[in-house]
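Notes follow the structure.
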Amino acid sequence: MPSLRPIHNRLRRLAGLDLAEFFDTAIERWEICPAEDVEILAGIWLPDQIDHIAQTEFGGLPDILAQMQGNPAEHTAPTMAYRFRDVDFVDGVLYARGAERHLRQRRRSGMIYPKPRENLGGALYESWIGNRWFGNWLLNDCLAYRLAEAAGNPVTSAPARGGHTARYEELLGMSPRRIGNVHFDELILFDDLKNNSNRRARAQENRARLLNGRKLTPLPGVFIFRGASGDARILENEAEIAERFETEYGFRTLYIDRHSADDMAEACGAAQMVVGVEGSQLAHGVIAMAPRGTLLTLQPADRVTTSLKLLTDCWQQHYAMVVGSGTASGYRIGWDQIQRTMDLIEDKRSKNSS
């Protein structure tokens, strides 16, 4: 029997009526962690970097400046859980009565869908951004998995994958039920993007799971080479920069197409710093590096973002950036800029240890 929920939602929009917020349709809600004040470490960058920014991504320039400024006692909202009844999940979209929530791009068009034949209850931990970017899956969705695991019957629409993803699921002890189109008699969702103490504790739990049983040999730092992988961010002198980090700072270079999740974990888990072009490949470093380590991102002037700082804040790491000259399709960063930023990082490290 077809469902008319998409048509109902469409008619509401045509009538000028807003759809309900999906979380507002929950039959029950509860706090997993209350609101609290947490320390947000200030970002590290040269004073002239603001002048290099031509365009920002995932927020405006005021957002970038506020996040780089940090806050010794930032008020952080609670982590919440929500219980729903009678929800369809079809083609990447959750349909409740009068509300919908998109978790991945739809593969089909049309205003009706066949009612799903499978009925179940479960806790869904995936997100739109986690389905879009590997880094958000590893650092956001894999944290929410711990909540779904505690709630019982964690489920995901993400298909089983190979490579790094499969190995991380194994290392993190993740064994979700994989679903297609289903009807949820009961569904639990989470609002879990606030870097409070509960989320930070889960970050350290995942790090501990990743490094369990490994013998770590201390490293000054790791450079994670991006190359042409993922969305275009072509640092034209990336190979030269990686080599200079090796020769001048004793770093090790890792390549995402050559090194396994285990290789990444063992190197980054022992490193004081992780450096690379801003992007999802740096998530390998964030998840494994110890608190108070430093992530240094190398960014094109037309795509400056602090999205990874929201994640280093969760892992209680320092965040630094250098903005280059050029665009994401081709840019360069002078070694002098990097050296001066490294001096700032070392100065911060010295002050913290004294």
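Because the structure is a prediction, the values reported are computed rather than measured.
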Apply salt bridge (charged side-chain N to carboxylate O under 4.0 Å, His left out) to the pair D262 and R167, showing each step before the final yes or no.
CA-CA 8 Å; D262 293 271; R167 181 58 175 153; 2.7 Å; yes

Would you check, one step at a time, whether the test side chain to side chain contact (heavy atoms under 4.5 Å, CB included) holds for I50 with V323?
CA-CA 9 Å; I50 299 172; V323 180; over 6 Å; no

Provide the closest heavy-atom pair for [X] versus [Y] in the form atom of the first, atom of the second, distance.
X    : Y    : result
H164 : I256 : CE1-O, 3.1 Å
A328 : D302 : N-OD1, 2.9 Å
R199 : L311 : NH2-CD2, 3.8 Å
F22  : T25  : O-OG1, 2.7 Å
G269 : L216 : O-CD1, 3.5 Å

Side chains of [X] and [Y] in contact at under 4.5 Å (non-hydrogen atoms):
X    : Y    : value
D192 : R202 : yes
N131 : N136 : no
D191 : F23  : yes

Verify the cluster assignment for [X] and [Y]: are they in a single hydrophobic cluster under the rule of side-chain heavy atoms below 4.5 Å apart?
X    : Y    : value
L219 : I224 : yes
I188 : V87  : no
L139 : L254 : yes
L124 : M80  : yes
I129 : L103 : no

Let me see the working for E205 and R146 under salt bridge (charged side-chain N to carboxylate O under 4.0 Å, His left out), right down to the final yes or no.
CA-CA 9 Å; E205 178 186 349; R146 304 267 77 98; 3.8 Å; yes

Take atom [atom1] in [X]; do more than 12 heavy atoms of anything else shown fall under 6.0 Å from it?
X    : atom1 : value
E243 : CD    : no
R104 : CZ    : yes
R117 : CZ    : no
Q105 : CD    : no

Not counting sequence neighbours, list each pair that qualifies as a ring pair (Phe, Tyr, Trp, His ring centres under 6.0 Å) and has a residue in residues 144-163.
Y125-Y145

Strictly by ring pair (Phe, Tyr, Trp, His ring centres under 6.0 Å), give each pair with a member in residues 51-80 just once, sequence neighbours left out.
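As it turns out, the ring pair (Phe, Tyr, Trp, His ring centres under 6.0 Å) pairs with a partner in residues 51-80, which skip direct neighbours, are F58-W133.
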
Worked verdict on V155 versus F184 for side chain to side chain contact (heavy atoms under 4.5 Å, CB included):
CA-CA 11 Å; V155 297; F184 285 102; 4.1 Å; yes

Under the ring-ring contact (aromatic ring centres under 6.0 Å, His included) rule, collect the residues that match up with Y319, sequence neighbours excluded.
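In terms of ring-ring contact (aromatic ring centres under 6.0 Å, His included), with neighbours along the sequence ignored, Y319 is linked to no residue.
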
Name all residues meeting the ring-ring contact (aromatic ring centres under 6.0 Å, His included) criterion together with H318; count only those two or more places apart in sequence or in a different chain, and write none if there are none.
none

F89 ring center near Y95 ring center (under 6.0 Å):
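F89 vs Y95: aromatic centres not under 6.0 Å.
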
Determine, step by step, whether D263 and R258 satisfy the salt bridge (charged side-chain N to carboxylate O under 4.0 Å, His left out) criterion, reporting the C-alpha distance in whole Å, the side-chain angles of both residues, the deciding distance to 0.1 Å, and the verdict.
CA-CA 9 Å; D263 295 330; R258 304 179 203 173; over 6 Å; no

Through direct or indirect side-chain contacts below 4.5 angstrom among Ile, Leu, Val, Met, Phe, Trp and Tyr, which residues connect to I345?
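I345 clusters with I44, L46, F223, F225, L235, I241, F245, Y249, F251, Y255, M273, V275, V277, L296, L298, V322, Y331, I333, W335, I338, M342, L344.
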
Through direct or indirect side-chain contacts below 4.5 angstrom among Ile, Leu, Val, Met, Phe, Trp and Tyr, which residues connect to L41?
none

Verdict with supporting geometry, Q204 and W315, side chain to side chain contact (heavy atoms under 4.5 Å, CB included)
CA-CA 7 Å; Q204 292 309 306; W315 266 260; 3.8 Å; yes

Assess the residue pair R349 and E346 against the criterion (salt bridge (charged side-chain N to carboxylate O under 4.0 Å, His left out)); give the C-alpha distance rounded to whole Å, side-chain angles, the decisive distance to 0.1 Å, and a yes or no.
CA-CA 5 Å; R349 185 181 296 144; E346 180 56 37; 3.0 Å; yes

How long is the straight-line distance from SG of C142 back to CG of L172, given to the nearest 0.5 Å?
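The SG atom of C142 is 5.5 Å from CG of L172, to the nearest 0.5 Å.
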
So how far is it from R252 CZ to E246 CD, rounded to the nearest 0.5 Å?
10.0 Å

Does the side chain to side chain contact (heavy atoms under 4.5 Å, CB included) test come out yes or no for R233 and R226, once each step is laid out?
CA-CA 8 Å; R233 249 155 282 159; R226 182 177 177 89; 3.5 Å; yes

